[in-house]
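Each remark here refers to the structure printed beneath this line.
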Amino acid sequence: MARLSLMLAASIAALTIQPVQAQDSGSLPGPGEPELTQQTANSGGPLDPAQEKVRFDSADLEFEIFPDRHAIAGVATLHFTAKEATDRLVIDLDRNLPVSAIRIDGTALPESAWSNPEGRMTVMLPRPLAAGESVTAQISYAGQPHVAIRAPWIGGFVWATTPDGKPWIATAVQMQGCDMFWPCIDYPTYEPDFVDLHITVPKGLSAPSNGVFKGMDTLPDGRTTWNWHAEHPTLYGVALNVGPYEEISGTYHSRYGNDIPMFFWHLPNEGDKPEQLFAEFAPTLDFFESVIGPYPFASQKLGVVETEHKGMEHQSINAYGNHYAKTANGFDDLFQHEFAHEWFANQLTASNWDDFWLHEGTGSYMQPLYGEWREGHGRYIKMMLDMRPGIRNQHPIVSGTPQSASDVYYDGPAGDIYSKGAWVLHTLRGLIGDQAFFDSLRLAIYGRTDPKPGNFEPVYRSTPEYIAFVNQEAGGDYQWFFDVYLYSAALPKLVQSRDGDQLTFTWKTEGNKPFPMPVDISVNGDVTTLPMTDGTASITVPQGAHVIVDPESKILMQSDQVDAFQTYMMQRAQGAH
Ligand SMILES: [Zn+2]
């Protein structure tokens with residue numbers, strides 16, 4: 001997801017998030033906006049015990065979209081296998097979408113068999129399931145899904161119109177989860193093996209979606225149904241997009257020997273801008289395949305669709321709403337960021353939202369890394385330094401306990417999962433070197449250091465698992481590094497003291513955690529690396545010599561000048577009100 005600006009985050013948190021958490025069945029306000037329960041508003045909260053007893057195997061999702069009424073109707077056919085015996089299914093679904101019928105293995109249930117008071121529906125099964133048994137639940141529902149207040153950050157349905165007045169519709173539900181528009185188990189590790197989608201839209205509109213296109217059916221009245229098959233979709237990555245799209249397509253010949261179909265669905269009448277963005281797809285793909293590894297969804301497609309909202313990493317159908325903005329870095333950073341999430345979110349999915357930084361820190365690090373790939377170290381460092389003043393250090397990036405998506409985004413480290421996460425990776429790379437850094441990343445993403453198309457599957461990862469891969473590839477115990485950078489809020493501070501010609505440097509950390517981070521010191525232009533083995537080291541520096549600490553900006557550390565700049569910017573923002 002695109003990073004939310006600090007000011008916008010503060011206003012959204014103040015206006016809308018606090019009431020949700022302050023009340024039991026809080027509401028996101030908005031004119032005519034029906035109540036959103038706490039259960040539905042939060043993605044990835046605690047599982048119901050009955051949900052822990054099942055595996056979510058696959059889903060077949062029929063949708064009809066009614067732009068005039070801002071409504072949808074759906075028939076979801078969900079396949080589960082019991083891991084333990086159970087007499088019920090518990091399925092998350094926004095109660096704004098009332099269920100009209102449920103069939104279990106083809107047999108209709110009486111209405112008394114299900115209830116959905118809070119957006120978590122309990123379905124009593126006609127007969128209990130034994131461990132290992134499978135069951136099919138067909139759920140018919142319809143209604144007005146919650147409208148996004150500020151997509152993608154406060155998400156839901158986006159009922160926009162194009163400049164010439166046609167419906168332009170999208171979903172963006174990372175913070176709230178799949179249950180905003182289809183019945184699912186809204187927890188990161190409950191991805192189905194595959195999802196089939198059948199999306200019916202009014203005449204003249206198209207519905208690009210996840211995975212492989214399986215053809216379009218035209219109904220007698222001109223409505224069309226668009227059929228798609230998506231393998232291993234991330235739950236919040238399943239998306240609806242409807243509009244009068246035009247399509248650009250091409251084929252990328254991968255360095256791994258396979259061909260990858262590429263598509264961009266954009267609005268009409270945009271001149272040559274869509275072609276210019278499409279021209280970025282192949283070189284961006286080549287960067288990722290060269291530096292990280294194979295595109296994870298090559299057998300499906302690379303897909304991008306233009307949206308009214310800023311962006312979202314919907315699997316193989318990334319949302320793009322950056323208005324073709326140009327930057328001095330030479331590429332569209334929003335497209336690049338969302339595409340990075342195909343590796344860091346859709347292939348490697350955080351097993352709990354407490355590990356959100358595994359999506360956003362890595363996803364944000366990929367833009368400077370692409371700048372380095374294109375232009376060298378200068379561009380890389382420039383882009384890293386641009387991110388540095390955004391780091392707030394108010395909460396640890398990782399808490400060590402399970403979190404919902406909004407716990408992290410609004411009550412936790414928030415933007416630090418992006419900029420601080422990227423700086424942690426930059427610092428780690430400098431510490432352990434490129435070979436260990438990229439191999440540990442590949443182990444985390446693919447489960448192997450030699451990924452090739454067809455030899456890996458999507459994975460769930462936690463922060464401790466990532467740290468274990470780093471330790472394995474770097475050949476040491478780097479827990480101290482992550483204890484300071486991920487599990488502490490404050491940045492390490494390098495304190496200097498002078499005694500005659502001796503200049504002594506000492507690391508100060510939150511809770512006095514050990515921090516043997518080597519640091520470069522330039523004295524009159526000669527650079528010495530201090531080992532800092534016990535967190536301290538001295539160097540002989542003549543009086544009057546010119547000293548620069550960490551002259552290549554390798555290390556994320558406390559900085560008086562950044563602190564002063566942040567204070568100045570905060571005061572200026574407050575003064576502007
Ligand atoms: Zn992102």
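Throughout, residue positions are numbered sequentially from 1 according to the sequence presented. All ligand and atom numbering here is 1-based and tracks the order in the structure. These numbers come from the heavy atoms of this one structure, side chains and all, not from hydrogens, waters or symmetry mates.
Partners of Tyr190 according to the ring-ring contact (aromatic ring centres under 6.0 Å, His included) rule, which considers only residues two or more places apart in sequence or in another chain, do not exist here.
Counting backbone and side-chain atoms alike, Met1 contributes an N/O/S atom closer than 2.8 Å to the Zn ion (ligand 1).
Of all N, O or S atoms in Glu360, the one lying closest to the Zn ion (ligand 1) is OE1. The closest approach of His341 to the Zn ion (ligand 1), by N/O/S atoms, is made by NE2.
With ring centers used as reference points, Phe335 lies under 6.0 Å from Phe281.
Glu313 and Asn346 share no donor-acceptor pair across their side chains, judged by distance under 3.5 Å alone.
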Could you list the donor-acceptor pairs under 3.5 angstrom formed between side-chain atoms of residues 242-251 and any protein atom two or more places apart in sequence or on another chain?
{"unit_1": "Tyr245", "atom_1": "OH", "unit_2": "Trp168", "atom_2": "NE1", "d": "3.4"}
{"unit_1": "Tyr245", "atom_1": "OH", "unit_2": "Glu306", "atom_2": "O", "d": "3.2"}
{"unit_1": "Glu247", "atom_1": "OE1", "unit_2": "Trp265", "atom_2": "NE1", "d": "3.0"}

